[in-house]
Amino acid sequence: MDNARLPEQLRSLQAWDPYPESVVAYEGRTFFLGRTHGRKVLGILVDPHDALPQGFTGPLEETEAGHLAILELTHEHAVALRAALPWLEPRPLGLSTSAGCGDRLGLATPGHVQAARAVGGIAMIFAQQSIREMARTGHSPEKVMADATWGAFQGGWREPIGADADHLKTPEDADRCAAAGFTFFTIDPGAHVDGEADGYDRAALAAHFDALPWGDLETTPDALMKTYAEQGQTVEGFALEMAEEDVARAAVKYGKAVAHTAAMYRHIGQRMGARPWELEVSVDETETPTSHGQHFFIASELRRLGVQWVSLAPRYVGRFEKGVDYIPSTGLCGDLTEFEADFAGHAAIARALGPYKLSLHSGSDKFSIYQIAAEQAGGLIHLKTAGTSYLEALRAIAVVDPALFRDILAFAKTRYETDQASYHVSADLHNVPDPGALADEELAALLDQFDTRQVLHVTFGSVLTAGGGLKERLYATLEANEAAHYAALRKHFIRHLQPLVAGGPA
């Protein structure tokens with residue numbers, strides 16, 4: 001069968017509108033995604049003497065091109081498609097420069113594919129969602145995986161693909177994601193980080209140090225101190241604060257988190273068995289930055305406990321708030337000198353104790369620092385984005401359905417004070433314009449305004465679960481205006497990805 005002519009031939013057979021990029025012939029069968037009667041379906045074309053691949057169920061219709069099955073986009077068929085087209089099966093991405101694109105609506109992956117293809121050179125994770133976000137959107141690990149599979153297939157992605165079970169806190173949540181096919185597990189031990197450790201006086205520090213779970217850490221206080229007393233005080237010229245008090249403070253701040261991460265690592269390893277997988281460690285969601293000495297302690301202790309990881313997210317200096325650019329410690333107008341020096345030290349430690357990638361969490365829209373990070377890390381970077389894709393969906397809605405955008409923003413303003421509680425944001429509702437006072441053509445620009453972006457960013461769960469028809473109207477509008485939605489995502493994500501390539505090694 002001539003794949004180049006398949007979309008045209010299918011349109012002539014029935015009420016079809018295939019996505020040309022999805023059409024692929026593999027092992028004697030042709031697979032494609034298309035629209036018919038207002039919904040997306042999977043098509044599989046087989047030889048008259050052949051059968052559907054394993055896992056697909058449905059009737060075969062005789063056509064001029066062969067026997068054609070028109071199948072629903074179910075979880076079961078997504079699993080079968082990943083088995084039939086092996087490049088869609090998630091796998092570890094290793095030390096390649098990489099980016100994760102969370103998709104809270106389950107509609108954004110084709111736009112992410114367009115951006116990634118335009119830039120090139122970035123290993124992509126399209127299935128990425130935390131358990132917290134799944135709860136707020138009403139999704140499951142299986143749905144997140146299925147949405148990413150269909151989106152990557154629709155966009156014609158043929159490169160290796162990852163799947164990130166993000167911000168895992170419990171073995172049970174890791175089990176759910178492993179069963180759904182995830183291969184990248186981000187451990188969030190934030191509940192086990194002592195955020196007050198940097199401020200303890202000597203007596204309090206000693207008491208907390210003695211109370212650490214030494215059995216879980218598989219060492220003793222004396223042995224730990226002896227280990228770091230013998231360590232060098234610099235890494236690639238960066239001085240590490242590793243005096244006895246510094247080591248005690250690092251242990252009190254992160255010791256329980258290290259023990260929890262090791263336990264999670266071992267649990268996931270048992271759960272995954274022979275399946276390949278990789279680990280990310282995240283300690284970014286704390287109030288105080290991770291010093292270079294503390295990073296050295298975390299990595300050294302994890303390595304001593306036998307943990308292997310591909311990327312680590314320290315808490316860098318400055319503020320990584322949701323949906324907006326990086327904010328220096330000195331405020332919105334501060335320069336990036338402090339960040340560059342801080343990040344360079346973390347990159348040196350990652351090279352010395354790895355190599356492993358440094359991960360940028362809450363990484364959406366941090367345009368001012370992408371190239372700095374890529375240059376300092378030599379391309380050993382993982383960028384993690386999530387809510388920015390939802391905001392770009394709203395940008396498209398502001399253009400094609402201004403009335404709906406006004407309703408979403410008005411509702412978001414009523415939910416912000418409640419929904420902001422679990423996010424790092426600083427938006428002031430008083431700075432959010434009244435959408436009713438703006439002309440239709442002015443609405444999309446609100447997605448570039450600091451306070452409005454954050455208000456819309458953190459209220460996504462309420463919009464999707466509160467009832468009243470907002471969710472249904474949102475999905476219907478985006479599905480009817482796919483081109484506008486994908487165009488917004490493509491433009492936005494090229495801005496995210498291009499600096500990672502430009503700043504990496506030649």
Side-chain angles (χ1 to χ4, degrees), residues 101-108 111 129 132-133 135-139 321-325 327 332 362 364-367 385-493 495-496:
C101 299
D103 180 7
R104 292 171 174 174
L105 298 176
L107 302 176
Q129 200 161 100
R132 176 178 67 184
E133 289 174 344
R136 293 187 177 186
T137 57
H139 293 172
E321 293 193 9
K322 298 294 185 181
V324 296
D325 206 344
I327 303 173
L332 288 172
S362 298
S364 302
D365 310 294
K366 306 302 182 288
F367 302 113
T385 74
T388 199
S389 293
Y390 172 72
L391 294 178
E392 290 309 299
L394 297 186
R395 187 188 300 276
I397 286 174
V399 173
V400 301
D401 192 342
L404 174 56
F405 178 81
R406 287 188 171 92
D407 289 345
I408 290 173
L409 179 55
F411 177 73
K413 291 174 70 172
T414 70
R415 292 294 310 170
Y416 175 69
E417 294 296 342
T418 299
D419 292 351
Q420 69 166 320
S422 57
Y423 289 100
H424 292 290
V425 290
S426 58
D428 185 341
L429 277 174
H430 294 94
N431 295 331
V432 179
D434 176 8
L438 299 176
D440 288 354
E441 59 270 18
E442 296 177 296
L443 294 177
L446 292 180
L447 274 302
D448 300 317
Q449 197 268 341
F450 182 101
D451 303 273
T452 305
R453 282 188 70 81
Q454 291 199 331
V455 168
L456 289 169
H457 189 291
V458 303
T459 55
F460 73 95
S462 294
V463 170
L464 297 179
T465 59
L470 279 182
K471 174 182 177 180
E472 292 74 16
R473 291 168 62 196
L474 185 154
Y475 272 87
T477 300
L478 292 175
E479 289 169 356
N481 295 274
E482 282 186 324
H485 184 200
Y486 300 155
L489 289 164
R490 182 183 187 278
K491 179 180 179 181
H492 193 57
F493 274 87
R495 291 187 65 200
H496 284 78

#### Entry: From CA spacing to verdict: side-chain contact (heavy atoms from CB on, under 4.5 Å), Leu470, Leu404
CA-CA 8 Å; Leu470 279 182; Leu404 174 56; 4.1 Å; yes

Closest heavy-atom contact between [X] and [Y]?
X: Val455; Y: Ala427; value: CG2-CB, 4.2 Å
X: Thr385; Y: Cys101; value: OG1-CA, 3.6 Å
X: Gly111; Y: Tyr486; value: N-CD2, 3.8 Å
X: Ala412; Y: Thr459; value: CB-OG1, 3.2 Å
X: Pro402; Y: Val400; value: CD-C, 3.8 Å
X: Ala393; Y: His485; value: CB-NE2, 3.6 Å

Determine whether [X] and [Y] make a side-chain contact, defined as any pair of heavy atoms from C-beta on separated by less than 4.5 Å.
X: Tyr390; Y: His457; result: no
X: Leu456; Y: Tyr416; result: no
X: Asp103; Y: Leu105; result: yes
X: Thr388; Y: Phe493; result: yes
X: Ile408; Y: Arg473; result: no

#### Entry: Arg104 charged N/C atom sitting above Tyr475 aromatic ring, 6.0 Å / 45°
no

Distance only, no hydrogens: is a donor on one side chain within 3.5 Å (strictly under) of an acceptor on the other, for [X] and [Y]?
X: Asp365; Y: His492; result: yes
X: Ser364; Y: Arg453; result: no
X: Ser462; Y: Asp419; result: yes
X: Ser426; Y: Glu321; result: yes

### Task
Under the side-chain contact (heavy atoms from CB on, under 4.5 Å) rule, what do His424 and Ser362 come out as? Steps first, then yes or no, please.
CA-CA 9 Å; His424 292 290; Ser362 298; 5.8 Å; no

### Task
Look at atom NZ of Lys413 and say whether more than 12 heavy atoms of other residues, nucleotides or ligands are closer to it than 6.0 Å.
yes

Strictly distance-based, threshold 3.5 Å: is any side-chain N or O of [X] a donor or acceptor partner for the main-chain N or O of [Y]?
X: Glu392; Y: Leu489; answer: no
X: Asp401; Y: Ile397; answer: no
X: Arg406; Y: Leu438; answer: yes
X: Asp451; Y: Val432; answer: no
X: Gln454; Y: Val324; answer: no
X: Glu442; Y: Ala439; answer: yes
X: Gln449; Y: Asn431; answer: yes

### Query
When rounded to the nearest 0.5 angstrom, what is the spacing between CG in Leu409 and CG in Asp434?
8.5 Å

### Summary
CG of Leu474 to CG of Asp407, rounded to nearest 0.5 Å, is 11.5 Å

### Task
Evaluate the side-chain contact (heavy atoms from CB on, under 4.5 Å) criterion for residues Arg395 and Asp448: first the C-alpha distance (whole Å), next the side-chain angles of each, then the deciding distance (0.1 Å), finally the verdict.
CA-CA 9 Å; Arg395 187 188 300 276; Asp448 300 317; 3.0 Å; yes

### Message
Go through it in stages, so that I can follow the logic: the residues are Leu446 and Phe405, the test is side-chain contact (heavy atoms from CB on, under 4.5 Å), and I'd like the CA-CA distance, side-chain angles, deciding distance and then a yes or no.
### Response
CA-CA 10 Å; Leu446 292 180; Phe405 178 81; 3.9 Å; yes

